[in-house]
Trainee: 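Below: one structure in structure tokens.
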2 protein chains.
Amino acid sequence: MTDVKSGANPLFLRDEELRQGMELVFYAYRDFTAEPDAMLAEYGFGRAHHRVIYFVGRNPGITVSDLLDILQITKQSLSRVLSQLVREEFITQRPGTHDRRQRLLELTDKGVTLEKQLSQNQRDRIARAYRAAGAEAVEGYRKVILGMINDNDREKFRKRGNFPPPKKTGR
Amino acid sequence: MTDVKSGANPLFLRDEELRQGMELVFYAYRDFTAEPDAMLAEYGFGRAHHRVIYFVGRNPGITVSDLLDILQITKQSLSRVLSQLVREEFITQRPGTHDRRQRLLELTDKGVTLEKQLSQNQRDRIARAYRAAGAEAVEGYRKVILGMINDNDREKFRKRGNFPPPKKTGR
DNA sequence: TCATATATGTCAACATGACTGACGTAAAAT
DNA sequence: ATTTTACGTCAGTCATGTTGACATATATGA
């Protein structure tokens with residue numbers, strides 16, 4: 001059998017290989033979210049809250065519209081979870097200095113604590129995977145997965161570089 | 001006030017690296033599902049239908065419980081979308097030959113057509129990313145992302161190996 | 001200055017896809 | 001013969017997304 005599939009050229013993208021690539025994304029995401037989801041449930045929060053907490057923690061002082069750009073949901077969807085997080089004091093809002101219409105978002109101490117707790121599992125998961133695979137594999141992982149991300153967001157990572165500049169505060 | 005975040009501290013780089021790893025998963029999944037979601041909406045279907053169609057197409061003759069194991073949702077959640085797909089003739093059910101309690105699931109021609117249409121975008125996305133990154137990077141991608149997946153499912157990919165046999169599961 | 005655009009919030013109404021818990025049926029296993 | 005398994009279904013709930021309309025404060029440009 002001239003099994004085309006067993007060829008030595010991994011760049012011959014067979015259906016099987018592509019399907020595996022797709023499934024890997026599915027499984028990774030599924031397992032990536034399972035444990036934080038369970039923690040969140042104890043607070044009466046959901047995955048949406050986690051995403052907000054994460055990206056606010058990642059970009060202190062982010063505006064609502066920038067957050068919307070990241071999450072790609074409607075402002076009404078965001079509003080619900082965000083106002084809940086503000087009400088329960090995980091996030092604070094302050095007017096923008098240059099544009100006072102903006103509400104710049106930041107985690108409170110309580111928010112930082114929750115964020116750490118929530119992402120600890122994911123952080124561990126990534127660290128474990130990175131360690132097991134080795135630096136070279138990590139470089140490959142980044143390359144491939146960046147290639148799957150839409151152009152505009154790929155830029156974000158490009159701008160930061162592989163090992164981003166030791167910037168003091170998130171801009 | 002030693003700025004913990006600035007360059008000298010390798011822990012910052014590590015944290016930054018881990019965070020980027022997490023974000024890559026988020027962005028990839030977000031962009032991965034956006035277009036199929038839009039197509040599905042035209043049929044009155046959602047992402048859940050896609051997952052069912054995908055995994056039934058991938059494993060013709062799969063049982064309901066094996067599908068539940070993959071999706072990790074409750075049978076009630078599955079039941080709703082599955083019965084809809086059966087009713088609208090995208091999927092057929094036939095009793096298991098050895099165990100007649102089972103309902104072995106398969107795509108109809110209509111189902112195969114829809115599956116292809118839906119996953120074409122994802123397939124293209126993967127192919128593009130793989131081609132752009134190169135064979136070595138793909139190997140790294142697989143290694144890393146496999147490391148993120150829970151043990152039991154990692155086995156699935158291990159068992160199949162990198163270039164798995166096109167064996168349909170009986171179970 | 002006046003008009004318009006922007007950033008944000010909010011209300012109502014709705015759909016999807018998760019969940020739990022309970023119950024039912026048919027077939028397999030002991 | 002009894003129990004377990006595979007599957008379906010009903011009822012109710014919740015989280016998270018959607019659209020569309022409207023409100024307010026502020027910024028910006030003619």
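Remember, predicted model here, so these are calculated numbers, not experimental data. A note on names: the letters A, B, ... follow the listed sequences, proteins ahead of strands, and every chain is numbered from 1. Hydrogens, waters and symmetry mates play no part in the numbers below; they use all other heavy atoms, side chains included.
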Trainee: Report yes if a donor N or O on one partner sits less than 3.5 Å from an acceptor N or O on the other, where the partners are the side chain of B:Gln76 and the base of C:dG17; otherwise report no.
Mentor: no
Trainee: Under 6.0 Å from the CD atom of A:Gln76, do we count more than 12 heavy atoms belonging to anything else shown?
Mentor: yes
Trainee: Using a 4.0 Å heavy-atom cut-off, does A:Gln84 contact any base of the nucleic acid, only the sugar-phosphate backbone, or nothing at all?
Mentor: nothing
Trainee: According to a strict under-4.0 Å criterion, is A:Gln72 in side-chain N/O contact with OP1 or OP2 of D:dG17?
Mentor: no
Trainee: Suppose we call two aromatic rings close when their centres sit under 6.0 Å apart. Are B:Phe55 and A:Phe26 close by that rule?
Mentor: yes
Trainee: Checking contacts here: which listed nucleotide (D:dT18, C:dA7, D:dC7) is nearest the side-chain heavy atoms of A:Ile73?
Mentor: D:dT18
Trainee: For the residue pair A:Tyr54 and A:His50, categorise the inter-ring angle as parallel (less than 30°), tilted (30 to 60°) or perpendicular (more than 60°).
Mentor: perpendicular
Trainee: Identify the residue among B:Phe32, B:Tyr27, B:Tyr29 that makes a ring pair (Phe, Tyr, Trp, His ring centres under 6.0 Å) with A:Tyr29.
Mentor: B:Tyr29
Trainee: Specify whether B:Tyr141 and A:Tyr141 have parallel, tilted or perpendicular ring planes, treating 30° as the upper limit for parallel and 60° as the lower limit for perpendicular.
Mentor: parallel
Trainee: Inspect the contact between B:Arg58 and A:Glu23 and indicate whether a charged nitrogen and a carboxylate oxygen are less than 4.0 angstrom apart.
Mentor: yes
Trainee: Please list, pair by pair, any protein nitrogen or oxygen found under 3.5 Å from a nitrogen or oxygen in nucleotides 28-30 of chain C.
Mentor:
unit_1, atom_1, unit_2, atom_2, d
C:dA28, OP1, B:Arg100, N, 3.1

Trainee: Under 4.0 Å from OP1 or OP2 of D:dC7: is there any side-chain N or O of B:Ser79 that close?
Mentor: no
Trainee: With hydrogens left out and only the distance checked, is there a donor-acceptor pair under 3.5 Å joining A:Arg103's side chain and the base of C:dG9?
Mentor: no
Trainee: Using a 4.0 Å heavy-atom cut-off, does A:Thr63 contact any base of the nucleic acid, only the sugar-phosphate backbone, or nothing at all?
Mentor: sugar-phosphate
Trainee: Starting from P on D:dA15, measure out to CZ on A:Phe45 and report it in whole angstrom.
Mentor: 11 Å
Trainee: Does OP1 or OP2 of C:dT16 have a side-chain N or O of B:His49 closer than 4.0 Å?
Mentor: no
Trainee: Whole Å only: how far is the CZ atom of B:Arg47 from the C1' atom of D:dG17?
Mentor: 10 Å
Trainee: For A:Leu82 and C:dA7, give me the distance from atom CG to atom C1', rounded to whole Å.
Mentor: 13 Å
Trainee: Take atom CG of B:Asp37 and atom P of D:dG17, then tell me their distance rounded to the nearest Å.
Mentor: 12 Å
Trainee: Ignoring hydrogens and angles, state whether a donor on the side chain of B:Ser119 or B:Glu115 is under 3.5 Å from an acceptor on the partner side chain.
Mentor: yes
Trainee: When we call it a touch if two heavy atoms are under 4.0 Å apart, what does B:Arg80 touch: a base, just sugar-phosphate, or nothing?
Mentor: base
Trainee: Nearest-Å distance, CG (B:Leu85) to P (C:dT16)?
Mentor: 13 Å
Trainee: Take the protein atom CG of A:Leu68 and the nucleotide atom C1' of D:dT19, then report the distance between them rounded to whole Å.
Mentor: 15 Å
Trainee: At less than 4.0 Å, is any side-chain N or O atom of A:Ser77 found next to OP1 or OP2 of D:dT18? Yes or no.
Mentor: yes
Trainee: For C:dA18, take OP1 and OP2 only and decide whether either is under 4.0 Å from a side-chain N or O of B:Thr74.
Mentor: no
Trainee: Just how far, in rounded Å, is C1' of C:dG17 from NE2 of B:His50?
Mentor: 16 Å
Trainee: Can you tell which of C:dA22, C:dT10, C:dC19 lies closest to the side chain of B:Lys75?
Mentor: C:dA22
Trainee: Answer yes or no: is there an ion pair linking A:Asp15 with A:Arg19, defined by an N-O contact shorter than 4.0 Å?
Mentor: yes
Trainee: D:dT16, C:dA22, D:dA6: which one has an atom nearest the side-chain heavy atoms of B:Ser65?
Mentor: D:dA6
Trainee: Rounded to whole Å, please give me the gap between CE in A:Met39 and P in D:dA15.
Mentor: 19 Å
